Amino acid sequence: MSTKLLECPCWRYVPVEFEERLADIYPLAIRLKLFSRILPMTVEAFGAEPVVVEGRKIYVCRNVMHELRIDEAAHLIANVCRSFGPEDVFLIQDLARLPKGERHHHCWLATLLREALRAMGFATVSLDVQGWRTGMQWYNLHATGLAQMPNFDQIRAALLTARCEQWDIWARLAMPEDNLPKRAAPIEAVDLDLQFASLTRELKDEGLSVAMDAETQRRLRRNELVRRIEDLADGATPPGATVAAHIHFRERGRQLTQAEDFLRSASRLALVYGGPGMGKTTFIDQVLANRLYEKILVRVDFRSARGIWPVLERILSQLGLNLAADVLSALEDLAYNQVQAAIGRLLNQFAAQMVFVFENVDEALNSNRRFSDLQLRELLLQIAGKNGVKMILSSRSEYIPHELLKASGRGESVAIRMNRYASDETVVNVLDDFFNRAGHGVQSYPQTLIDAIDKHPLVASLAGRILASEGKGLLRDEKFFRELQLKLRTELASRLIDDASAPAVEAAGELRIPVPAPLLEQLVLRESIQQALSNNVLYAIPDRRWTELLNSLGLFKTRGGVDAMLSAEDMVGRNGVNHGRIADAYLAIYRVDDDPAWIRESHFHRMLEGDLSRMIAGTSSYYRTELIASANYCFDRRRHYLNALELYNAADRIGPLEEGAAMWRASCMVRISGLLEEGNAEYARLVRDYPGNIGMKRSHVDALLAVEQYEMACSKLVEYDLNAAQHDWHAQQWGRVRLGLHEYEEAIAIFTRLREKNPSDPFLVTYLARALQQFRDLDGAISVLEIGHKDFPDNVSILTSLAANLERSRDHDSRAKDILQKLFDANHANARAALSLIRLLRREGAIEPARTVIHKLMRADIIRSMHPFMHMAQAELLMAQNRPESAAAYIRENLTDDESPGLLIDTLLEAADRAQDPDARDAFMREAAQVQVPGRLRHNVPVQVDRAKLGVKLGNRNLFEEAIANLSETRIDPAELERLKTLFE
């Protein structure tokens with residue numbers, strides 16, 4: 001054939017492939033002497049630009065269509081149509097019958113695909129089906145005559161219609177109806193159930209309400225779940241997970257002895273417990289790397305695998321069985337009791353040879369110390385009850401669920417406590433593991449450094465890595481010692497990140513589980529990954545399939561976990577994440593090794609990237625945990641409370657929410673306009689159901705504070721008995737209430753005390769500064785923020801507050817403008833920086849730059865707490881444009897009376913000054929006099945200064961003297977107060 005091709009003049013072959021596969025084409029082209037005739041093109045390039053070759057083109061899509069979902073197929077066909085000429089040919093060749101069951105693929109019914117091509121506009125589409133002696137079938141579709149290029153939506157609609165018709169046909173074939181004959185052998189031969197399940201999954205992902213009949217679902221459960229587990233039980237000894245020892249493991253002799261005694265004993269259950277950073281995981285690694293005694297290791301971390309199906313996936317995949325995720329996720333009614341007997345059979349066969357490690361078991365318990373997922377509870381009890389099994393738990397607390405203790409039966413459980421190192425000598429040894437003292441000419445470490453580490457395992461390890469990275473100069477760095485002493489782990493770990501490693505760390509931080517290097521390389525450059533590994537901010541863990549998986553330090557993981565505070569001082573915006581690209585990367589490696597963990601993660605990221613309603617409609621109990629995880633992400637990372645509530649409600653319809661998700665769902669209700677009462681009622685129920693969960697009560701107060709329901713928050717603090725003396729968190733909540741109620745002296749006292757006690761909390765800096773500024777101690781506010789910026793140089797909220805107060809002072813305009821411009825350029829959603837920047841530009845008369853700022857601000861994705869600043873910035877621009885009337889109207893429409901009465905008074909007074917008509921002037925003055933100023937703002941200095949000026953304009957001495965009296969109770973500068981008093985003379 002190659003010889004014949006060489007005889008043909010002027011032809012070119014344009015192979016379109018993924019970049020890594022194009023390399024395979026060159027040797028073949030050289031061998032066939034066709035090298036000069038090929039013009040290779042990557043899939044990405046084919047999607048970005050048309051194929052430019054002279055003459056007629058023949059597009060050949062071979063053995064691909066059955067692997068593509070609707071969007072992928074539509075993109076491919078759209079790319080073909082984009083440069084399709086009048087003489088061109090589109091040839092699709094694909095399988096009409098799969099040679100074997102493929103759990104995540106389904107063939108096209110060729111007649112329906114033909115009709116879809118015709119609907120797209122191809123004038124002539126011929127179909128030819130060819131059969132082989134082996135039973136295989138191929139079809140060829142030959143399409144020509146495309147008069148008008150269809151758009152993507154038209155192509156997609158045609159394909160979706162065809163797939164829906166195909167589903168209807170297959171549903172009738174699968175369903176045992178009286179008027180249909182029994183399924184014929186050819187139907188059985190194409191593994192219809194598997195393909196039907198895959199097609200059902202695809203249509204569910206499109207948001208369509210489709211469900212397989214009960215008998216088909218029963219067959220799939222039996223064949224793709226129960227029978228495969230039984231086959232695993234009846235087969236050879238499964239492989240299990242791998243584990244490696246740690247090079248820098250130190251001390252823990254007594255604990256190692258305890259662990260070895262447990263592994264040799266008849267006891268089934270051991271607990272490794274200790275606080276965060278104490279080395280529980282490292283210890284377990286060390287024990288099992290040296291004392292596994294050829295047993296089968298199975299390991300699950302409950303931080304990343306929550307719920308029965310993610311846990312079961314992890315267990316079985318480590319034993320060599322990858323569950324058919326695409327099939328199982330298409331089933332409507334899936335429960336652990338359907339596979340419990342098969343799991344029992346597997347455990348009966350191999351339990352005596354197995355060591356199960358369940359890390360962070362406290363994450364699987366609610367505050368009542370019961371398992372949140374009752375199906376997971378059944379699995380764990382089943383494992384604990386098997387003779388000869390070894391079960392190692394890790395937890396932050398010493399508590400072991402009584403049910404597990406009872407199920408484990410024979411032998412006492414073993415509790416192994418992980419705490420700080422026993423001596424400073426161990427700390428020195430850990431530092432020496434990373435830092436070459438002799439090479440740097442350092443005889444000994446400063447005692448200040450050793451004392452700051454305070455025998456903390458994680459902090460010692462971080463300190464050693466940072467010393468190795470930054471050098472001996474750190475041994476004289478007081479800020480470094482302070483970070484160590486305060487255990488500012490994120491700040492410490494961030495020292496290890498440089499510009500080269502940052503992309504890899506950020507990408508890995510978005511991933512919930514360790515991943516193969518090829519996946520991470522689809523997201524960031526290989527050089528960044530290598531630098532991150534070199535800097536010890538990424539690390540490798542052994543894996544049987546991929547040799548190793550890459551993970552980031554837990555400090556950089558972007559998981560939620562607490563009901564986060566929101567204020568105007570906080571969270572001025574976040575960078576976006578391309579979840580669609582991450583989902584595609586997971587899907588690519590799923591197609592390599594079929595591990596269901598990858599498709600689960602792909603589903604999670606697809607929820608965050610795609611059409612929520614579509615994804616929710618297609619989610620069954622198998623992926624319920626991903627609904628909750630996506631909701632948590634929307635709540636904690638994005639502050640998209642409507643989306644989060646929609647996801648929580650969808651998960652709740654499948655099964656009752658566990659404690660944490662129910663709490664965040666209630667918080668969403670409180671934060672969403674119109675649902676406050678419903679949210680309060682939900683919190684009341686949860687507080688009743690989980691009386692020991694003080695975090696539930698704190699969450700309720702936090703949610704009320706976030707929507708500025710300060711009086712209601714105050715009453716809840718009293719009702720829940722959250723006394724400021726009990727806990728610093730309660731004191732902070734009381735401080736926020738006092739600040740919100742404009743009780744500045746009380747707020748200042750609370751935040752000053754907390755700041756002295758907890759200098760590592762950046763929130764306290766902004767709260768204290770805000771209280772001082774409102775109380776007119778502007779110099780005090782700036783001083784607090786200057787110190788805070790020194791302590792937390794990367795905290796955007798603190799720096800924004802500092803620049804805003806510098807602008808207010810009018811004594812540091814140049815510095816304020818420089819900071820504000822940089823902040824706004826870095827994040828256009830920082831409305832607070834935009835407001836202060838516009839005020840500076842207004843003073844300079846720079847109207848066009850101010851308009852540019854507003855234009856960029858209004859196009860940004862601004863979080864709710866920034867909206868008042870956005871509206872005030874718009875009003876300031878209108879004032880700068882000499883349009884105070886418009887500014888006043890805008891304020892009345894977009895800001896509440898409590899948000900900016902002072903700004904409204906200012907605009908009305910300025911409008912009165914500009915009015916040419918006396919009647920209009922009097923009208924503006926009267927309106928300014930009628931602006932309602934709540935009594936709780938009596939110590940708000942900016943507002944009272946505006947009221948004093950209003951009193952002067954109106955000639956209203958009572959108003960003036962009331963404002964002056966209020967100001968005299970604040971920290972306003974005495975000289976300024978005296979100057980104000982002279983205005984009415």
Side-chain angles (χ1 to χ4, degrees), residues 15-22 24-25 41-44 46-47 59-80 90-114 116-117 129-130 136-141 143 152 155-156 158-160 162-164 166-167 170 190-206 224 322 324-330 518-519 522 580-581 583-596 598-603 606 610 618:
V16 179
E17 253 299 359
F18 293 106
E19 187 170 3
E20 61 271 17
R21 295 180 183 174
L22 282 176
D24 298 334
I25 293 172
M41 197 175 199
T42 65
V43 172
E44 293 78 14
F46 180 62
Y59 293 87
V60 180
C61 175
R62 184 176 184 275
N63 200 23
V64 170
M65 287 297 290
H66 76 281
E67 296 182 359
L68 301 181
R69 295 300 166 117
I70 289 170
D71 272 356
E72 296 170 320
H75 278 296
L76 184 148
I77 295 173
N79 292 335
V80 169
F90 184 23
L91 178 62
I92 298 176
Q93 184 182 74
D94 207 348
L95 292 165
R97 182 181 298 167
L98 294 177
K100 61 178 181 178
E102 297 186 34
R103 292 190 300 276
H104 41 269
H105 293 153
H106 43 281
C107 291
W108 275 91
L109 292 184
T111 53
L112 295 178
L113 184 54
R114 178 185 62 190
L117 290 171
V129 179
Q130 298 176 345
M136 290 272 290
Q137 274 192 351
W138 292 81
Y139 66 82
N140 296 286
L141 283 166
F152 174 81
I155 296 170
R156 192 180 189 284
L159 293 174
L160 181 58
R163 279 305 201 189
C164 288
Q166 181 170 339
W167 190 91
W170 278 1
V190 299
D191 290 300
L192 180 64
D193 285 345
L194 289 179
Q195 294 194 68
F196 189 30
S198 179
L199 178 57
T200 301
R201 175 73 266 158
E202 180 176 25
L203 295 184
K204 280 178 174 288
D205 289 343
E206 291 293 324
E224 289 301 309
N322 289 331
D326 279 7
V327 173
L328 300 182
S329 63
L519 183 143
Q522 294 184 58
R581 188 177 177 192
D584 290 341
Y586 272 119
L587 189 59
I589 63 166
Y590 174 61
R591 288 171 174 168
V592 173
D593 73 356
D594 256 8
D595 189 330
W598 312 137
I599 196 67
R600 182 174 291 277
E601 294 305 304
S602 177
H603 198 76
R606 195 72 71 196

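From a predicted model like this one, the values you see are computed outputs, not experimental measurements.
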**Asked** Do Y59 and N79 have side-chain heavy atoms sitting under 4.5 Å apart?
**Response** no
**Item:** Cationic N near anionic O, under 4.0 Å, D205 to R163
**Value:** no
**Asked** Which of these, E202, Q166, Q195, H66, sits in a side-chain hydrogen bond (donor to acceptor under 3.5 Å, both in side chains) with H106?
**Response** E202
**Request:** Compare all side-chain heavy atoms of E224 with those of L194 and state whether any distance is below 4.5 angstrom.
**Result:** yes
**Prompt:** Which value, rounded to the nearest 0.5 Å, describes the distance between I92 atom CD1 and L117 atom CG?
**Reply:** 5.0 Å
**Prompt:** CG of D71 to CZ of F152: how many Å apart, nearest 0.5 Å?
**Reply:** 4.5 Å
**Asked** Ignoring hydrogens and geometry, is there a side-chain-to-backbone donor-acceptor pair from T200 to F196 under 3.5 Å?
**Response** yes
**Message:** Looking at E206 and R69, is any side-chain nitrogen of the basic one under 4.0 Å from a carboxylate oxygen of the acidic one?
**Reply:** no
**Item:** From I70 atom CD1 to L160 atom CG, the distance as rounded to the nearest 0.5 Å
**Value:** 4.5 Å
**Prompt:** Which pair of non-hydrogen atoms, one from Y139 and one from A110, has the smallest distance, and what is that distance?
**Reply:** CG-CB, 3.7 Å
**Request:** Look only at the side chain of D326 and the backbone of R201, and say whether a donor-acceptor pair between them is shorter than 3.5 Å.
**Result:** no
**Request:** Measure the spacing between CD1 of I155 and CD1 of I77 and express it to the nearest 0.5 Å.
**Result:** 6.5 Å
**Item:** Separation between NZ of K204 and CH2 of W167, rounded to the nearest 0.5 Å
**Value:** 9.0 Å
**CD1 on I599 to CG on L587, rounded to 0.5 Å** = 5.0 Å
**Message:** Donor-acceptor pair, distance only, cut-off 3.5 Å: does the side chain of R62 make one with the backbone of L91?
**Reply:** no
**Smallest separation among heavy atoms of A162 and A116, with atom names** = CB-CB, 4.1 Å
**Message:** For W108 and L68: C-alpha separation, side-chain torsions, deciding distance, then whether side-chain contact (heavy atoms from CB on, under 4.5 Å) applies.
**Reply:** CA-CA 10 Å; W108 275 91; L68 301 181; over 6 Å; no
**Request:** Of all the heavy-atom pairs spanning A583 and R606, show the shortest one and how long it is.
**Result:** CB-CZ, 3.5 Å
**Asked** Would you call R581 and D584 a side-chain contact if the rule is heavy atoms closer than 4.5 Å?
**Response** no
**Prompt:** Heavy atoms, side chains only, cut-off 4.5 Å: are W138 and L95 in contact?
**Reply:** yes
